[in-house]
Number of protein chains: 2
Amino acid sequence: MATLSDVAEAAGVSPTAVSRYLNNRIELPLATRERIDAAIAKLDYRPNLMAKRLSTGKTEAISLVTPEIANPFFAELAAAVEAEAQSHGYAVYISSTGGDRDREIDAIRRLHDQHVDGLIMMTNQPDDGTLAELLNEHDHVVLLDEDIPGVSVPRVFVENEQGAYLGTRHLIEAGHREIALIGGPGDLMSVRERLAGFERAMTEAGLPVRPDWVLLGDYSRAFGHAATQRLLASPPRPTAILACSDYLAIGVLLALQQAGLSVPHDMSLVGFDDMPFAELVNPPLTTIRQPVAEMGRLAFELLLALLNKAEPAPLTRLPVELVVRRSVAQFQGKTSR
Amino acid sequence: MATLSDVAEAAGVSPTAVSRYLNNRIELPLATRERIDAAIAKLDYRPNLMAKRLSTGKTEAISLVTPEIANPFFAELAAAVEAEAQSHGYAVYISSTGGDRDREIDAIRRLHDQHVDGLIMMTNQPDDGTLAELLNEHDHVVLLDEDIPGVSVPRVFVENEQGAYLGTRHLIEAGHREIALIGGPGDLMSVRERLAGFERAMTEAGLPVRPDWVLLGDYSRAFGHAATQRLLASPPRPTAILACSDYLAIGVLLALQQAGLSVPHDMSLVGFDDMPFAELVNPPLTTIRQPVAEMGRLAFELLLALLNKAEPAPLTRLPVELVVRRSVAQFQGKTSR
DNA sequence: ATCGCTATGTAAACCGCTTTACTAGCCCTT
DNA sequence: AAGGGCTAGTAAAGCGGTTTACATAGCGAT
């Protein structure tokens, strides 16, 4: 491989001149520029990134931490981040932590060790303070999708409260009065906010929120399944369920199916996220769509601002949207009470 | 950040000694080792990766090229590669090319420019020779899932032919005699092989392969949809369809649904891949499972072998498996001919 | 007393680029 | 004639490791 010095020699100038020319830090007369360009072309010169990185201390790479890249929601987010990053010349290292705290810490350490210039962090499990402390040592971090309490970095979230509110209202407008909520970990911001939106819609409609119909666990299909079974086991039953994620909703769907109940005839269901499979399940899932592409794009934009020493907004909330499909039916019967 | 020299000074030895000690290139007496260890701990020393990379020319990172990371099949593959890579101390840089040739070329160039030590390449579009030529310049490349003709690097594929054979036999055993195949790009190895498996099963059973019932296009839901519509438009209709990917199968399902046909009652369907959503759709999809985790793991293992100057197997075929769900029914009626 | 060997290191070059500080030459003023 | 300013660069010191080639001390053997 040709080096900068080779080019310089071939062009009859100093390496400094070539370096500065290539980085637009010097104005050179046309003749000189042409000689350098010719030398570069002739030698097929490509800058050695490693040397450049060592020299500048910049890597032009960021790290993206996701709990589970095989989860389509995070995969889409990752794709959006990657597209935006690539268009700005940044590479992205994706780590899929599987919710493993050690691997999350590893990723942060990578930032510390300057393998990357910045970090976009997604998590879906509550933090005991470890992550927060670690993250606070850095100022090139953006939090995406989910909060980590006590971390003071720019954050990109969606209107969780409003989303759950919309979903719940949709059920109420369909005549449902007995509505259960199945959510993820109760100490996750997204869950608390969605619960709040649920409660607001219920209260506004003069409906009670039954504590035994608010089931919090984790964002998994398995929990959606188990929670539904619990719900069905002890009558009275609700006539509709608001699931705080589409993964949960799938579990709900499965449990309902196994219990011989049909959706939406016997039970209406609203999900959250609008994952790609939401319209593929039976019935196609009415759900709250998160603007995934925009979230990813914006997260990178904020990180880039941080890298450029700007001061981006500390918190951006992106709007969500109700996507009506076929998992909600007008409530026909009389309520159980 | 503390440097190697800082550590050396604190330990009262030379930087050389510390470097060699850390890389196990020298035997040091206990007392010296302890001084160095203590200095490292006290200074919280972490080697500067960039310097190390410049110095050694190794990055301990690989690049993973996928057509579309938001596609769960590739996302799962990526997750598997990442897990394996991480356990060997390698970072993985994932690029999602969107089938864009330029971005694929970019990724290869990154290898050339030594941003990464090696490359695991996935593609799902036919190559005109450009990629092959580029890839052949490198010897740290592994091809995963799909072939690129003319590239002589280790490859990890599944038993495509056998998979399609299994799926077709399953349909034949259910009494179907009129079976159509909907596949991806006809010049892709996976498609050709799956077609061959289909033909073998048909021929073995003494069944004709009708050319107008073999529809090749691309691996997309849209094509599955369009192909099905074409199939339905001109009777006689087949009684069963073998789709060469679950994405295609989803499109088939949708078109069938829109035409008022029920699966498996009016039409049986077998997919390929066993993507996560395959069991979520209606009806749950009978499909051919690819051992995704093993594919990813193995691909990295082969790449690692390459990096270590070993000579891994040029081609590994991983077995597939029929997963019976509920999209295939015993054929009841009489055939259309 | 000297040789040679082992154990325990070290000096200095090098990886390829960036950047700071500096300069030679020239023209224009005053 | 001297000074100032501009153009078109350059020399050399990093960045933080790795590595090759060499060095010294101590010890046993001859």
Side-chain angles (χ1 to χ4, degrees), chain A residues 1-40 43-61 89 91 109-117 307, chain B residues 1-40 43-61 89 91 109-110 112-117:
Chain A
M1 287 282 288
T3 73
L4 191 76
S5 304
D6 297 338
V7 172
E9 195 174 337
V13 291
S14 72
T16 312
V18 180
S19 171
R20 300 182 61 182
Y21 167 58
L22 289 178
N23 292 291
N24 294 314
R25 301 222 188 298
I26 197 176
E27 286 280 306
L28 254 23
L30 183 62
T32 312
R33 291 205 304 265
E34 278 175 344
R35 282 196 337 267
I36 295 178
D37 288 339
I40 287 174
L43 299 172
D44 188 28
Y45 167 72
R46 303 164 172 290
N48 180 318
L49 252 258
M50 256 110 69
K52 185 171 204 154
R53 286 173 175 178
L54 175 59
S55 191
T56 60
K58 313 242 162 227
T59 64
E60 311 234 294
R109 177 158 306 142
R110 244 188 276 282
L111 173 59
H112 187 79
D113 295 353
Q114 297 179 281
H115 304 198
V116 294
D117 294 342
L307 296 181
Chain B
M1 286 282 287
T3 73
L4 191 74
S5 305
D6 296 338
V7 171
E9 195 174 337
V13 292
S14 72
T16 312
V18 180
S19 172
R20 299 182 62 182
Y21 167 57
L22 290 177
N23 293 291
N24 294 315
R25 301 221 188 300
I26 197 175
E27 286 279 305
L28 256 22
L30 184 62
T32 312
R33 290 206 303 267
E34 279 174 344
R35 283 197 334 268
I36 295 178
D37 288 337
I40 287 174
L43 299 173
D44 188 28
Y45 167 72
R46 304 164 171 290
N48 179 318
L49 253 260
M50 256 110 69
K52 184 170 205 151
R53 286 173 175 180
L54 174 59
S55 195
T56 60
K58 313 243 162 227
T59 64
E60 310 235 295
R109 176 157 308 142
R110 247 186 275 284
H112 186 79
D113 294 353
Q114 295 179 280
H115 305 200
V116 294
D117 294 342

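Every chain is numbered from 1, with letters handed out A, B, ... down the list of sequences.
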TODO: Report the residues that fulfil side chain to side chain contact (heavy atoms under 4.5 Å, CB included) with B/P15, sequence neighbours left out, ordered by chain and then residue number.
DONE: B/L4, B/S5, B/A8
- [ ] Tell me, please, which residues at least two apart from A/Y21 pass side chain to side chain donor-acceptor pair (under 3.5 Å).
- [x] A/D37
Task: Range on DNA chain C touched by chain B - first to last nucleotide, heavy-atom distance under 4.0 Å - done: C/dT8 to C/dG16
TODO: Give, for atom CD of A/E9 and atom OG1 of A/T3, the distance between the pair rounded to the nearest 0.5 Å.
DONE: 9.0 Å
TODO: Mind jotting down which residue pairs meet the side-chain hydrogen bond (donor to acceptor under 3.5 Å, both in side chains) criterion with at least one end in residues 47-60 of chain A? Sequence neighbours excluded, please.
DONE: A/T59-A/D117
Open item on the list: How long is the straight-line distance from CD1 of A/I36 back to CG of A/L22, given to the nearest 0.5 Å?
Closed with: 7.0 Å
Open item on the list: Over the length of the helix from C/dA1-D/dT30 to C/dT30-D/dA1, how much do the five-pair end axes diverge, rounded to 10 degrees?
Closed with: 70°
Task: Gap separating the CG atom of A/L28 from the CD1 atom of A/I26, nearest 0.5 angstrom - done: 5.0 Å
- [ ] Identify, residue by residue, the members of residues 25-33 of chain B with a heavy atom below 4.0 Å from DNA chain D, and return them in order of residue number, or none.
- [x] B/R25
Open item on the list: Taking side chain to side chain contact (heavy atoms under 4.5 Å, CB included) as the definition, give me every residue that meets it alongside A/A39, ordered by chain and number, with sequence neighbours left out.
Closed with: A/V7, A/A10, A/A11
- [ ] Find the distance between CD (B/E27) and CG (B/N24) and round it off to the nearest 0.5 Å.
- [x] 8.5 Å
- [ ] Strictly below 4.0 Å, heavy-atom distances to any atom of DNA chain C: list the hits from residues 45-52 of chain B, or just say none.
- [x] none
- [ ] Give me the residues of residues 3-22 of chain A where at least one heavy atom lies under 4.0 Å from an atom of DNA chain C, by number, or none.
- [x] A/T3, A/L4, A/T16, A/S19, A/R20
Task: Closest contact, heavy atoms only, B/S19 versus B/N23 - done: O-ND2, 2.8 Å
TODO: Please find the earliest and latest nucleotides of DNA chain D, in the 5' to 3' direction, that have an atom within less than 4.0 Å of any heavy atom of chain B.
DONE: D/dG16 to D/dA21
TODO: Any chance you could measure B/M1, atom CE, to A/Q114, atom CD, to the nearest 0.5 Å?
DONE: 6.0 Å
- [ ] Please list, chain by chain and in numerical order, all residues satisfying salt bridge (Lys or Arg N to Asp or Glu O under 4.0 Å) with B/R25, sequence neighbours excluded.
- [x] none
TODO: Calculate, to the nearest 0.5 Å, the distance between atoms CG and CE belonging to A/L49 and B/M50 respectively.
DONE: 11.0 Å
Task: Partner set under side chain to side chain donor-acceptor pair (under 3.5 Å) for A/R110, not counting sequence neighbours - done: none
